[in-house]
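Just so we're on the same page: letters track the sequence lines, and every chain starts at 1.
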Amino acid sequence: MGKKRTIRTIPQERTPMVQRPAAERARDFTEVACGYAPGEALREASRCLLCPDEPCVRGCPVGIDIPGFIERLGEQDVRGAYEVLSATTLLPAICGRVCPQETQCEGVCTVGGTLEPVAIGRLERFVGDAAIAEGWASVPSAEPNTFHVAVIGSGPAGMACAADLAKAGCAVTVFEALQQPGGVLRYGIPDFRLPNEVIDAEIGKLARLGINFRCNTLVGRLFTVEQLIRDMGFHAVFIAVGAGAPSFMGIPGESLNGVLSANELLTRANLMRARDFPAVDTPLGTLGRVAVVGAGNTAMDALRVSVRSGAETVSCVYRRSRTEAPARAEELAHAEEEGVDFNWLTEPVAVQGDGERRVRGLLCRRMALSEPDASGRARPVPVPGSEFELECDTVVFAIGTSANGILGRTSQLELDERGYIRVDQDLETSMDGVFAGGDIVTGAATVIEAMGAGRRAAGSIKRYLGLAAAEAEHVPASDGDGMLFGLGPEQRGYARVHLA
Amino acid sequence: MAMTVVRPAAYEVVRRLDLSDVSFLVEVRDPDVARAARAGQFVMVMSHAGGERIPLTIADFDRERGTITLVIQAVGKTTREMQRELRVGASLHALAGPMGEPSRTEGVRKVVCVGGGLGVAPTYPVARAFKQSGAYVIGVIGFRSKDLVFWEDEFRAVCDELIVCSDDGSVGIKGLVTEGIAQAISRHADIDELIAIGPPVMMRGCAELTRPHGIRTVVSLNPIMVDGTGMCGGCRVRVGGRMRFACVDGPEFDAHEVDFDDLMSRLRRFRPEEKLALDRWEQGCRIAAPADVPSG
Ligand SMILES: Cc1cc2nc3c(=O)[nH]c(=O)nc-3n(C[C@H](O)[C@H](O)[C@H](O)COP(=O)(O)OP(=O)(O)OC[C@H]3O[C@@H](n4cnc5c(N)ncnc54)[C@H](O)[C@@H]3O)c2cc1C
Ligand SMILES: Cc1cc2nc3c(=O)[nH]c(=O)nc-3n(C[C@H](O)[C@H](O)[C@H](O)COP(=O)(O)OP(=O)(O)OC[C@H]3O[C@@H](n4cnc5c(N)ncnc54)[C@H](O)[C@@H]3O)c2cc1C
Ligand code: SF4
Ligand code: FES
């Protein structure tokens with residue numbers, strides 16, 4: 001290779017990714033960000049300094065060899081780049097699109113200290129998309145063994161665990177309650193961020209590994225976790241049912257018509273394709289003027305689905321300021337471009353009805369940020385006398401989710417105080433041979449963390465089953481004190497990159 | 001859909017019976033659900049890939065035959081279309097369940113099981129479960145008129161007493177099911193529990209009737225649902241001032257605590273869309289009709 005790259009010799013500007021103009025994309029569900037062309041990917045790859053101390057790798061929840069894959073890419077060896085990625089991640093095309101890179105790898109990228117960081121997520125997506133387009137499959141599988149493993153839930157945690165175990169030769173069956181697999185990727189995250197074809201491609205790969213998908217199967221009701229082991233011949237079980245139960249605020253007026261959870265809005269629009277109503281049977285209802293409460297990824301998705309579904313106006317209501325908004329920076333920026341009206345430092349007090357049990361508006365009050373508390377986060381406090389009514393016809397709550405109670409109620413599984421499944425370091429639950437991971441253990445988190453948990457659980461299950469070379473195929477991130485999937489608390493904080 | 005990954009059951013219709021112009025019964029093959037089903041539970045059904053997920057009560061199940069029975073009232077687009085399409089040999093696109101908490105029958109010695117109209121069907125397995133658990137079962141079933149009566153014999157077989165009511169007096173006693181309940185209460189001072197399934201107005205009427213008698217009363221609520229797994233919150237109902245999700249916490253709740261006004265208004269949530277869907281479908285049927293009906 002030529003002479004060593006330095007911060008001065010690399011292209012100074014981050015390579016922009018072509019995006020469909022806001023006015024055009026806000027009318028449809030086609031993907032917003034178009035992905036890099038090969039030349040663009042090469043140019044962006046050349047911005048990586050291949051730092052020997054690899055801060056980005058430590059910033060990645062699963063420890064992907066980031067300089068390793070970018071180096072291959074720079075050598076125009078896309079397949080090689082894919083192999084490097086596949087050693088750690090199962091879903092590069094998905095994570096490249098939905099990871100909060102600005103608080104993970106890109107947030108600690110050396111280049112980011114001076115310039116805009118290397119666009120690691122976009123490069124990951126480029127490689128992932130190339131793999132789908134070329135039909136590459138990763139990692140040879142082991143000889144089939146005689147073990148049967150059940151995976152409950154087909155979101156990223158379940159998919160990752162199933163893939164690793166299938167590659168290790170186990171017969172894996174994935175049980176999913178809904179009619180299609182994918183978890184939040186399918187029912188929550190809209191097509192304009194993550195097209196269905198990408199999910200189908202990843203599920204298709206799993207099916208080709210011999211994984212058996214059983215949809216329409218609500219475990220706990222159709223059969224219990226105990227029955228899987230006792231009566232149905234499974235040697236181990238992995239529970240990855242997510243944290244799907246939507247929260248409401250408990251303020252007056254929440255049962256008025258026109259109030260719904262973001263999960264309901266998104267499930268109708270994405271899984272049930274209500275945006276095509278009446279060509280499909282599931283309605284979305286007339287949205288009118290929409291107010292979405294919350295500012296995380298779910299809120300951004302609800303806002304932008306509303307924009308695309310004929311809402312007259314779309315407003316976001318969030319009690320902290322823009323800096324604290326937990327959504328990915330890109331989604332927030334896209335929502336702003338698409339005309340969403342943001343009410344920062346605003347808290348709902350009550351949903352107001354029109355006398356006919358329909359929503360008329362959202363009574364709100366302004367908030368001010370107090371001094372940061374012990375956790376370092378500024379606490380919002382109400383401004384006296386600041387109440388006002390935000391006129392609207394639809395109120396969507398996107399204020400978080402919690403554990404679904406069905407498995408807890410129908411099994412002997414030990415839960416924590418908040419209803420999540422309790423596990424040990426190996427992600428094993430209180431039941432022998434039953435493991436759990438993803439949102440149902442940690443509470444609502446991220447796709448990459450769920451995927452990492454799935455892979456870790458697969459490692460534990462292999463050890464539990466006594467499969468040789470349990471660790472041969474992948475190296476899970478070291479799990480030291482206070483580390484979550486290899487990421488310390490300080491790195492998981494808000495190292496947000498501010499774009500100039 | 002790019003992929004069809006389902007349980008091995010093909011959810012095939014093996015029997016069909018029309019109960020009236022607007023109601024029909026289908027027996028569907030699903031050995032897994034038939035094995036797991038308990039009284040009081042329901043399934044979520046999609047009739048085709050673009051269809052709505054709708055909740056339907058398991059009106060009967062046969063573990064040997066590996067089937068469940070659904071009794072359906074054709075009220076809107078989805079159920080009208082099912083009435084037309086679900087012939088023997090046809091299959092549902094998706095079927096998931098059993099969902100909801102099963103009926104609680106333990107410790108009840110004398111129970112009144114009330115079914116109004118089509119609600120007779122979902123009440124039947126509950127009455128049977130009470131009978132099997134050793135309770136004295138008084139059935140009260142109500143219909144608008146004699147020609148709408150169904151499952152009278154089935155019901156009678158699982159009851160110690162059966163009171164049939166009709167709005168027009170053409171069969172049984174004349175009056176609403178509340179007339180029948182009043183009779184039962186006057187004859188039995190030791191009723192432990194009453195369970196009522198039917199239209200919300202009827203269930204509310206039953207709740208008001210039993211309240212002064214202090215009889216524990218259970219109703220099965222039917223809010224609009226999407227997933228049926230506790231994930232959307234669309235099915236939320238107000239019970240005892242608290243928000244509950246009917247699909248996972250119910251569908252049975254303490255009738256004296258249920259906010260029926262809330263339920264009834266939430267059932268009107270999609271009125272304009274329901275009308276649009278039905279009108280559009282009916283128009284499609286009219287256009288399609290000549291091809292359906294063989295000429296000559
Ligand atoms: C709208 C939305 C947007 C998001 N955006 C992002 C983002 O941009 N970036 C990011 O990193 N994270 C994002 N997240 C978070 C991320 O999607 C989740 O953390 C992740 O999907 C959790 O994965 P999981 O495998 O644990 O569970 P899930 O993806 O929730 O999957 C669980 C699956 O289990 C099924 N299930 C539940 N109970 C049962 C049962 N009893 N039997 C059978 N199946 C059952 C469910 O139907 C579901 O399909 C978003 C979340 C939401 C809701
Ligand atoms: C737990 C549960 C069990 C049920 N069991 C049965 C059953 O065994 N047999 C049966 O015929 N029906 C049952 N229902 C009602 C059935 O799901 C609805 O009638 C059906 O969804 C209507 O769909 P549609 O498109 O044909 O009508 P739509 O056009 O959608 O609705 C027509 C009318 O039905 C009302 N409606 C819409 N959705 C529902 C709903 N989910 N529940 C009640 N009313 C609704 C509307 O308010 C409207 O007035 C049950 C509902 C629940 C929640
Ligand atoms: S920190 Fe940035 S520049 Fe350094 S290796 Fe990682 S991606 Fe490349
Ligand atoms: S139907 Fe979605 S939570 Fe009950």
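- Contact of A:Glu254 with chain B is made through backbone and side chain together, with heavy-atom distances under 4.5 Å.
- Heavy atoms closer than 4.5 Å to chain B are found nowhere in A:Leu265, neither backbone nor side chain.
- With a 4.5 Å cut-off on non-hydrogen atoms, A:Leu218 touches chain B through its side chain but not through its backbone.
- Looking at A:Leu256, the atoms closer than 4.5 Å to chain B (heavy atoms on both sides) all sit in the backbone: N, CA, C or O.
- Scanning residues 59-80 of chain B against chain A with a 4.5 Å heavy-atom cutoff picks out B:Lys77, B:Thr78, ordered by number.
- Neither the backbone nor the side chain of A:Phe223 comes within less than 4.5 Å of any heavy atom in chain B.
- Applying the salt bridge (charged side-chain N to carboxylate O under 4.0 Å, His left out) test to pairs two or more places apart or on separate chains, those with a residue in residues 87-102 of chain B are A:Arg221-B:Glu101, A:Arg409-B:Glu101.
- Contact residues of residues 226-236 of chain B toward chain A are B:Val226, B:Asp227, B:Thr229, B:Gly230, B:Met231, B:Cys232, B:Gly233, B:Gly234, B:Arg236 (heavy-atom distance under 4.5 Å).
- The part of A:Thr267 that comes within reach of chain B is its side chain, from C-beta onward, which places non-hydrogen atoms under 4.5 angstrom from that chain.
- Both the backbone and the side chain of A:Val259 have a heavy atom closer than 4.5 Å to some heavy atom of chain B.
- In this structure, the portion of A:Tyr187 lying under 4.5 Å from any heavy atom of chain B is its side chain and not its backbone.
- Residues of residues 272-279 of chain B placed with any heavy atom under 4.5 Å of a heavy atom in chain A are listed by number as B:Glu273, B:Leu276, B:Ala277.
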